[in-house]
Colleague: 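Here you go, one structure.
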2 protein chains.
Amino acid sequence: MGNEQKLDRIALERVAKVFQAFSDATRLAILQELKPGPSGVGELVERVGGSQGNISKQLQILAETGFIRREKKGNQVFYSIEDDSIFDMCNVVCSKLNRESRGKASFVFEI
Amino acid sequence: MGNEQKLDRIALERVAKVFQAFSDATRLAILQELKPGPSGVGELVERVGGSQGNISKQLQILAETGFIRREKKGNQVFYSIEDDSIFDMCNVVCSKLNRESRGKASFVFEI
DNA sequence: CTCGTATATTCCAATATACGAATATGCCGA
DNA sequence: TCGGCATATTCGTATATTGGAATATACGAG
């Protein structure tokens, strides 16, 4: 379709907001834990660390991007990856960081 | 290589910092303007808007990610895309946003 | 060297973000 | 309905970010 039209400010802000959701280490840690499969909030609190309230808040931010799904099951709430392409993005970044740190201890950046 | 090892906090913070660089509308606007080819700071100030100082600062932040190149040519400084995969990431986000707003006015999110 | 242009940096105010603690809400079982 | 567990929300604080204005630096022309 070769759609080369430029995005206006509003559109750019919407894109920016998605990147912003992935711009925090705690939220990336949550994504890492969700990669193998769905997880409840309590489980994530244990595995990621930090207060329950904070993990809950970060989950909301992630869910708002549409890449993460929220699902109530009785008493608890399960979150899961809705769209794997989030990991594609992470891997683009990881590859870049790996290329830059070549020569140094080969740090593994694949999420 | 199937490298499934989890990233530690430090690594996650480095990844987060890259996403953060792309989490601002002004910086995305700059990327948009750089897509067709290299550009000097002054030209970007005109096309993106805002103060010269601010554009210069945002360019630094972008350059630190390694996706943008900085090159001095005599009196002025040209910035250019060093790694196109930044646009791959943008398009992942854009596609997502397009899918979500289907039914509404088909907003074009391809940078 | 001096001047003018181009870019970078510093300083400041406004706003946004991350986080824990405390509290509120929702939902199940008894 | 009540108690208890799981999750969400509110509040306050420390810190970060954005952006403009002013200033500093770099560099070429003359």
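A, B, ... follow the sequence lines: proteins, then strands. Residue 1 opens every chain.
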Colleague: Side chains of B/R9 and A/T26: donor-acceptor distance under 3.5 Å anywhere?
Modeller: yes
Colleague: My understanding is that only residues two or more places apart in sequence, or in another chain, count here; which of them pass side chain to side chain contact (heavy atoms under 4.5 Å, CB included) with A/S80?
Modeller: A/P38, A/R69
Colleague: Pairs in or reaching into residues 27-49 of chain A: which pass ring pair (Phe, Tyr, Trp, His ring centres under 6.0 Å), with residues at least two apart or in two chains?
Modeller: none
Colleague: Are A/F22 and B/F22 an aromatic pair, judged by ring center distance below 6.0 Å?
Modeller: no
Colleague: Less than 4.0 angstrom between a side-chain N/O of B/Y79 and OP1 or OP2 of C/dA8, yes or no?
Modeller: yes
Colleague: Identify, residue by residue, the members of residues 39-50 of chain B with a heavy atom below 4.0 Å from DNA chain D, and return them in order of residue number, or none.
Modeller: B/G50
Colleague: What's the shortest heavy-atom distance between B/G49 and B/I55, and which atoms?
Modeller: O-CD1, 3.5 Å
Colleague: For salt bridge (Lys or Arg N to Asp or Glu O under 4.0 Å), just list the numbers for A/D84 and A/K35, CA-CA rounded to whole Å, side-chain angles, deciding distance to a tenth of an Å, and then say yes or no.
Modeller: CA-CA 9 Å; A/D84 289 69; A/K35 187 166 160 76; 6.0 Å; no
Colleague: Report, as a single string ordered 5' to 3', how protein heavy atoms within less than 4.0 Å touch nucleotides 9-17 of chain C: B base, S sugar-phosphate only, - not at all.
Modeller: BBB-----S
Colleague: In whole angstroms, how far is the P atom of D/dA16 from the CD atom of B/E13?
Modeller: 11 Å
Colleague: List the residues meeting ring-ring contact (aromatic ring centres under 6.0 Å, His included) with A/Y79, not counting sequence neighbours, and say none if there are none.
Modeller: none
Colleague: Hey, is the side chain of A/T26 poking within less than 4.0 Å of OP1 or OP2 on C/dA18, counting only N and O atoms?
Modeller: no
Colleague: If I take atom CD1 in residue A/I61 and atom C1' in nucleotide D/dA8, what distance separates them, rounded to the nearest angstrom?
Modeller: 13 Å
Colleague: Think A/K72 forms a cation-pi with A/F78, using NZ or CZ under 6.0 Å from the six-ring centre and within 45 degrees of its axis?
Modeller: no
Colleague: Between B/S56 and B/G53, is there a donor-acceptor pair closer than 3.5 Å when you use the side chain of the first and the backbone of the second?
Modeller: no
Colleague: Can you pull out the residues from residues 68-78 of chain A that lie within a 4.0 Å heavy-atom distance of DNA chain C?
Modeller: A/K72, A/G74, A/N75
Colleague: Figure out the CD1/C1' separation between A/I55 and C/dA21, and round it to whole Å.
Modeller: 15 Å
Colleague: Treating B/S51 as the side-chain partner and B/N54 as the backbone partner, does any N or O pair qualify as donor plus acceptor under 3.5 Å?
Modeller: yes
Colleague: Check this for me, if you would: do A/R47 and A/E43 make a salt bridge, where the nitrogen-to-carboxylate-oxygen distance has to be below 4.0 angstrom?
Modeller: yes
